Every structure is written in C-alpha cells, then in structure tokens.
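Predicted model only: the values in this text are computed from it and were never measured.
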Amino acid sequence: LSELGSESAKIKAMGIMDKLSTDKTVKVLNILEKNIQDGSKLSTLLNHNNDTEDEERLWRDLIMERVTKSADACLTAINIMTSPNMPKAVYIEDVIERVIQYTKFHLQNTLYPQYDPVYRVDPHGGGVLSSKAKRAKCSTHKQRVIVMLYNKVCDIVSSLSELLEIQLLTDTTILQISSMGITPFFVENVSELQLCAIKLVTAVSNF
C-alpha cells in the first residue's frame, strides 16, 4: 500500500490516471475502502492491560502498522480522485466519507495527543497523564512512525481541498470537513497541518 500510494502520486502528477479502465479503478477504490476501514478507528493510545512493557510496545507497533497502512490506502484513493479528467464513477461517496472518518479520528486520537500535551488523557480515566507516563509512551521508534503518519495525514488534508474543487459533496460531508479544517488552529506544534488546514478551509468557503 505504501508503494501504491507513491505510484499513484506519480501517475497523478503525470496526468494519465484517466487512461486506466474505469471499472478497474472503481474496483481498486472499493478494495482501498476496506483497507481504510481496517485502521479508521484503532486507538494507538489504549493500554490493553498487557503484562509487560515489551508486550505493550509490540501491541502498539502492530496497531501503528495497521493505522499507517490505512493512511496509505487513504492517500491512494484521494490521489485517484484528484487526478485530472477522472470519470464521475470514481467519486464514490462511501470512500470519501471513510477517508474523512479516518483522518478526523486519527487527528483527534493519535496525532493531537502526540504533538500537544493538552490532548494527552490517561486511558484509564485518570485525567492528564503525568510527565513520567508521557515520557514512557514516547519511544524513538514510535516517534518516527508518528512523524511519518503526521506527514501522510497532512497530505490527505491537503488533497481533500483539491477534491472540494473538483467534486460536489453532500452538506453532511462538508460539515465534517469544515470541523476537521478548523480544529488544527487550536492545537500546538502542528504548523504544517495548519497550513494544509488553511487550504482546506479556503476550499470549503469557496464551495
């Protein structure tokens, strides 16, 4: 999926995505939706009561792998939809909604807590995590994965603004996109995301 995401970006840049068979493209989008769904509501911050720190880390690595895979599926789907001269059949509402659902969930539950301490809440209901707990949950390996996910989500948010310029979306979808575009301005340390959000909010206002 990572390779597919990269290749779809190249094909989009070349402007030849519309040369592909519409039926096959639609089939690919439907398969991508299943992959997006797989990681769309997986919490990377939950403590699953594993006995050891190693088990906890292994669990988080597995979850992050699925979440990252879903991000690649989102990027591939959005690259297809925002390519020039695409047929109407590729603008599948369920796929668009799934991409938005994934992005909103992981901004709120994965990325904001990593970048802004205000969003870090103890999964056991004890309020804001202590400094010690925060440090324990920030291994170097995990941070690399989080940064990679952050960059992918920034690309998704930016591409959604392109989609708004191409395709008419439902009022419900526009409302979801609007809230997703506004929230980053209340979060610290996410300047790249805020730039993408400006583009998204501008596209919504021109809708």
* To do: Return the set of residues passing side-chain hydrogen bond (donor to acceptor under 3.5 Å, both in side chains) with Glu7 (not counting sequence neighbours), or none when no residue passes.
  =>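 By the side-chain hydrogen bond (donor to acceptor under 3.5 Å, both in side chains) rule, Glu7 matches Lys10.
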* Not counting sequence neighbours, which residues clear ring-ring contact (aromatic ring centres under 6.0 Å, His included) with Tyr91? List them please. =>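 For Tyr91 there are no ring-ring contact (aromatic ring centres under 6.0 Å, His included) partners, ignoring immediate neighbours.
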Contact list for [range], test ring-ring contact (aromatic ring centres under 6.0 Å, His included), sequence neighbours left out:
| range | value |
| --- | --- |
| residues 4-25 | none |
| residues 96-115 | Tyr102-His106, Tyr112-Tyr119, Tyr115-Tyr150 |
| residues 16-43 | none |

* To do: Would you check if the side chain of Ser158 reaches a backbone N or O of Cys154 as a donor-acceptor pair within less than 3.5 Å?
  =>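 No, the answer is negative, given that no donor and acceptor are paired below the 3.5 Å cut-off.
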* Does Gln194 use its side chain to pair, donor to acceptor, with the backbone of Val187 at less than 3.5 Å? ->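 Present.
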* Asked: Do any pairs count as a salt bridge (charged side-chain N to carboxylate O under 4.0 Å, His left out) and have a residue in residues 172-199, sequence neighbours left out, and if so which ones?
  ->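 Non-adjacent pairs meeting salt bridge (charged side-chain N to carboxylate O under 4.0 Å, His left out): zero.
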Can you see which heavy atom on [X] is nearest to which on [Y], and at what distance?
| X | Y | result |
| --- | --- | --- |
| Lys12 | Met17 | N-CE, 4.1 Å |
| Met81 | Val90 | CE-O, 3.5 Å |
| Ala77 | Leu32 | N-CD1, 3.8 Å |

* Do you know which of Leu193, Val147, Val190, Leu149 makes side-chain contact (heavy atoms from CB on, under 4.5 Å) with Leu111? ->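 Answer after filtering Leu193, Val147, Val190, Leu149: Leu149.
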* Is there a donor in the side chain of Lys104 and an acceptor in the side chain of Ser179, or the other way round, less than 3.5 Å apart? ->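 Their side chains do contain a donor-acceptor pair, which is all the 3.5 Å distance test asks for.
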